[in-house]
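Accompanying notes for the structure given below.
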Amino acid sequence: MLSTTSFPKNKIKVLLLEGVHPAAVKMLRDSGYDNIDTHSGSLSEKDLIDKLKGVHLLGIRSKTQLTEAVLNKA
C-alpha cells in the first residue's frame, strides 16, 4: 500500500533529540523523510526554541522539557 501525506515528505523537517535510536532515523529515511536533524543530547529552552523554527516533527526522550514558552514559540 502506498502511503501519502498532504505535504511532501522531503519538505517535512524532523528534529530528533537525546540520541533517538539510529533505527528510528533509518526508518524515517527509508520512508522518504530526508530533512532530519539529530542531536545526541537535550537542548536548553532557548536553543530548543531556536531549533524548532520550521520543524514539523519532533522526537524526544525524557530530558527534553516542552515548556509553555517552547510550545508558544513553536
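Just so it is clear, the values below take in all heavy atoms, side chains as well, and ignore hydrogens, waters and symmetry mates.
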Answer yes if [X] and [Y] sit in the same cluster of Ile, Leu, Val, Met, Phe, Trp and Tyr residues linked by side chain heavy atoms under 4.5 Å apart, and no otherwise.
| X | Y | result |
| --- | --- | --- |
| Leu58 | Tyr33 | no |
| Val55 | Ile12 | no |
| Ile60 | Leu52 | yes |

Would you compute the distance between atom [atom1] of [X] and atom [atom2] of [Y] and round it to the nearest 0.5 angstrom?
| X | Y | atom1 | atom2 | answer |
| --- | --- | --- | --- | --- |
| Lys51 | Leu43 | NZ | CG | 7.5 Å |
| Leu28 | Asn35 | CG | CG | 11.5 Å |
| Ser42 | Asp47 | OG | CG | 10.0 Å |

If you take all heavy atoms of [X] and [Y], which pair is closest and at what distance?
| X | Y | result |
| --- | --- | --- |
| Leu66 | Leu71 | O-CD1, 4.0 Å |
| Leu17 | Gly41 | CB-O, 3.8 Å |
| Thr64 | Glu18 | OG1-OE2, 2.5 Å |
| Gly59 | Val20 | O-CG2, 4.0 Å |
| Ile36 | Leu16 | CG2-CD1, 3.9 Å |
| Glu45 | Ala69 | OE2-CB, 3.8 Å |

Donor-acceptor check, side chain of Lys13 to backbone of Lys53, threshold 3.5 angstrom: yes or no?
yes
Pairs meeting criterion ring-ring contact (aromatic ring centres under 6.0 Å, His included) with involvement of residues 51-74, two or more places apart
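Pairs touching residues 51-74 that pass the test: Phe7-His56.
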Does a sphere of radius 6.0 Å around CZ in Arg61 hold more than 12 heavy atoms from other residues, nucleotides or ligands, not counting ones at 6.0 Å or beyond?
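Open.
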Using a 4.5 Å cut-off on heavy atoms from C-beta on, say whether the side chain of Lys73 contacts that of Leu48.
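No, side chains not in contact.
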